[in-house]
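See below for the structure under consideration.
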Amino acid sequence: MKLSTTEFIEKYAVERAGTNSLKWDALDQRYGDPDLIAMWVADMEFKVPEAVTVALTKRVNHGVYGYSYTPDSYYEAYFNWQQQHHNIKLEKDWLRFDTGVVNSIYGLVNTFTKPQDAVLILTPVYYPFHNAVLDNHRQLVTSELVNNDGHYTIDFNDIEAKIVANQVKLLIQCSPHNPVGRVWTEAELKQLLEICQRHHVLVISDEIHQDIIIGKRPFVSALNVAHGRYRNNLIVVTAPSKTFNLAAMLNSHVIIPSEDLRARYDKLHKQINQTEVSVLGQVAAEAAYRDGSEWLAQLLNVVRSNYDYLRTELAAKAPAIKVAELEGTYLAWLDLRVVVPTDLTKEFIQNDCHLAVDFGQWFSKNDAGFVRLNLATEPKYVHAAVANIITSLAKINETRAISVTK
């Protein structure tokens, strides 16, 4: 049944505090203040589609959680979703399972590079990308995206120069991009993949946010660029976790079209990562992929509404704060550098605005003064966050004015 945005919120919004929620119940541990408005880690305040709850309840009522395998019905549901929503045609042989995209990236770095090999990432970017390289004792090489007044582009010349200078072996990229919100065009992806192919650099494409399209630009998978020309030099990682709020179900996908790369992946994972599939995770994902389209459409309306409110209110009342264009993901990227000194950003956001956010320097050493806000939440939290930012900024400006008159 199609619901209005208000009806969707009334039906699916849920209080998460007191449920061992990392987002809400770890605020004291993570930020030193349990009373902040939690707008940091990328999950939601919305219950999963009803079909997921029904499927999980049926499986739980069976009462047995022994060793299981992935049924054909799972592949059918997932492959149909990818075909219908993104025009991606997958093959069963390409697919491997894992417990999450971050875990997959760590494993792929270990599988396809050696200690001290150079790995390139496009910053600012999701900080586990940095960690996966550094924790595995690889050389981290970064190429900064170009910020054109809140619209980000790729510096292809810089990427190619750094690949050559550092003998880069692996590039990790994501689209839609976390945190800057870009959905890369096919032309942009083609140029990136072409550079990597020319220099024998393997590409990992994190497409976990592929279903969270907020703007008008359609998502293009790296798998489909130039009719699949780059598939033999490409591994794609995805999961239902961002789309359907299923992060704790520990079920994700590693898509490897190349037979040679699959053989190398399988060989190492037999040695270090012999795991079984998550039964409940796959039950939940299968139901979501089969029956979750309408739920997703309604969720995206909430995110768009939250983003429009955030951008409109700040443009009217705090225009010096730059809000990046949000084409994909449910994560808003704010530039506060004009209004708050970068070394005081944390104090302003936490002490004055009472918000728990992801800070820009977590994504790149060059992005102090930026913050990331999670918009996959109830509008009341977005409205409160915006009000707190505007009020706190007004107080700062008033103090500055008094100081100047003195």
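Residue numbers start at 1 and run along the sequence shown. Because only heavy atoms are used, hydrogens play no part in the values below, and waters and symmetry mates are left out as well, while side chains stay in.
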Just so I know, are the side chains of L90 and L223 near enough to count as touching, which here means a heavy-atom distance under 4.5 Å?
yes
Derivation and outcome, side-chain contact (heavy atoms from CB on, under 4.5 Å), residues T238 and Y78:
CA-CA 11 Å; T238 71; Y78 177 54; 2.8 Å; yes
Kindly check if the number of other-residue, nucleotide or ligand heavy atoms within 6.0 Å of NE2 (H137) is above 12?
no
Sidechain-backbone polar pair: R217 side chain, R182 backbone, donor-acceptor under 3.5 Å:
no
Distance-only donor-acceptor check, side chains S205 and Q173, under 3.5 Å
yes
Value for CZ (R16) from CG (L22), rounded to nearest 0.5 Å, stands at 8.5 Å
Could you grab the distance from atom CD1 of I389 to atom CG of L334, nearest 0.5 Å is fine?
6.0 Å
Can you tell me how far apart CE (M39) and CD1 (I349) are? Round to the nearest 0.5 Å.
10.0 Å
With a 4.5 Å cut-off on side-chain heavy atoms, are F112 and D117 touching?
no
Ignoring hydrogens and geometry beyond distance, is a side-chain donor-acceptor pair present between E160 and H199 at under 3.5 Å?
yes
Check the side chains of Q82 and Q210 for a donor-acceptor pair under 3.5 angstrom, ignoring hydrogens and angles.
yes
Minimum side-chain heavy-atom gap I154-L145 below 4.5 Å:
yes
Cationic N near anionic O, under 4.0 Å, K190 to E186
no
Ring center gap for F244 and Y289 short of 6.0 angstrom:
yes
E347 side-chain N/O to D352 backbone N/O, donor-acceptor pair under 3.5 Å
no
One pair to check against side-chain hydrogen bond (donor to acceptor under 3.5 Å, both in side chains): T123 and E144. What are the steps and the verdict?
CA-CA 5 Å; T123 50; E144 282 288 311; 2.5 Å; yes
Between R262 (side chain) and L95 (backbone), is there a donor-acceptor pair under 3.5 Å?
no
Value for CG (N306) from OH (Y381), rounded to nearest 0.5 Å, stands at 12.0 Å
Could you tell me whether the side chain of L250 reaches within less than 4.5 Å of the side chain of L280, counting heavy atoms only?
no
Closest approach of R290 and A77, non-hydrogen atoms and distance?
NH2-CB, 3.8 Å
Considering all heavy atoms of both residues, which atom of L27 and which atom of A356 are nearest to each other, and what is their separation?
CD2-CB, 3.5 Å
Less than 4.0 Å between a side-chain N and a carboxylate O, is that true for E327 and K216?
no
Positive for ring pair (Phe, Tyr, Trp, His ring centres under 6.0 Å) with F46, one of Y330, Y12, F8
F8
One pair to check against salt bridge (Lys or Arg N to Asp or Glu O under 4.0 Å): D335 and K322. What are the steps and the verdict?
CA-CA 5 Å; D335 182 354; K322 175 60 64 176; over 6 Å; no
Just so I know, are the side chains of D291 and V52 near enough to count as touching, which here means a heavy-atom distance under 4.5 Å?
no
Can we say D158 and K162 salt-bridge, meaning some charged N sits less than 4.0 Å from an Asp/Glu carboxylate O?
yes
Would T312 and Y307 count as having a side-chain donor-acceptor pair, cut-off 3.5 Å?
no
Pair N147-V180, side-chain contact (heavy atoms from CB on, under 4.5 Å): steps then yes or no:
CA-CA 9 Å; N147 183 358; V180 307; over 6 Å; no
Which pair of non-hydrogen atoms, one from S143 and one from L120, has the smallest distance, and what is that distance?
N-CD1, 3.8 Å
Decide, yes or no, whether a salt bridge links K92 with D72 under the criterion of side-chain N to carboxylate O below 4.0 Å.
yes
Decide yes or no for N233 and L193: does some side-chain heavy atom of the first lie under 4.5 Å from some side-chain heavy atom of the second?
no
Would you please test L331 and N374 for side-chain contact (heavy atoms from CB on, under 4.5 Å) and show each step?
CA-CA 5 Å; L331 307 165; N374 181 350; 4.3 Å; yes
Between atom CG of L234 and atom CG of L261, what is the distance when rounded to the nearest 0.5 Å?
9.0 Å
Without swapping roles, check the side chain of Q191 against the backbone of E188 for a donor-acceptor pair under 3.5 Å.
no
Any sub-3.5 Å donor-acceptor pair from T345's side-chain atoms to T342's backbone N or O?
yes
Looking only at heavy atoms, which two atoms of V125 and H130 are closest? And how far apart?
O-NE2, 3.5 Å
Do H86 and D211 pass the side-chain hydrogen bond (donor to acceptor under 3.5 Å, both in side chains) test, and can you show the C-alpha distance, the side-chain angles, and the key distance before you say yes or no?
CA-CA 9 Å; H86 307 300; D211 297 310; 2.6 Å; yes
Looking only at atom types and distance, does a side-chain atom of D25 sit under 3.5 Å from a main-chain N or O of S21, one as donor and one as acceptor?
yes
S73 and E286: side chain donor to acceptor below 3.5 Å:
yes
Checking N166 side chain against V168 main chain: does a donor-acceptor pair fall under 3.5 Å?
no
V101 and H253, any side-chain heavy atoms less than 4.5 Å apart:
no
Is there a donor in the side chain of T153 and an acceptor in the side chain of N148, or the other way round, less than 3.5 Å apart?
yes
For the pair S104 (side chain) and V254 (backbone), establish whether a donor and an acceptor sit closer than 3.5 Å, ignoring hydrogens and angles.
no
Expected output: side-chain N136 to main-chain P115 donor-acceptor under 3.5 Å
no
Centroid-centroid distance, F359 to Y127, less than 6.0 Å:
no
State plainly whether the residues K380 and E45 are in salt-bridge range, i.e. N to O under 4.0 Å.
no
Check the orientation of Y31 and W362. Use parallel for under 30°, tilted for 30 to 60°, and perpendicular for over 60°.
tilted
Flag for Q282-T70: side-chain donor and acceptor within less than 3.5 Å
yes
I'd like to check Y126 versus C174 (side-chain heavy atoms, cut-off strictly below 4.5 Å). Are they in contact?
no
For the aromatic rings, using the six-membered ring if either is Trp, is the centroid distance between Y152 and H177 under 6.0 Å?
no
Between D98 and S252, is there a donor-acceptor pair closer than 3.5 Å when you use the side chain of the first and the backbone of the second?
no
Centroid-centroid distance, W333 to F363, less than 6.0 Å
yes
To check you understand the geometry: which heavy-atom pair defines the closest contact between E50 and K11, and what is its length?
OE1-NZ, 3.1 Å
Enter the distance from T142:OG1 to I121:CD1 here, rounded to the nearest 0.5 Å.
6.5 Å
Closest heavy-atom contact between A376 and K23?
O-NZ, 4.5 Å
How far apart are the C-alpha atoms of I255 and I235, what are their side-chain angles, what is the distance that settles it, and do they pass the side-chain contact (heavy atoms from CB on, under 4.5 Å) test?
CA-CA 6 Å; I255 301 168; I235 296 173; over 6 Å; no
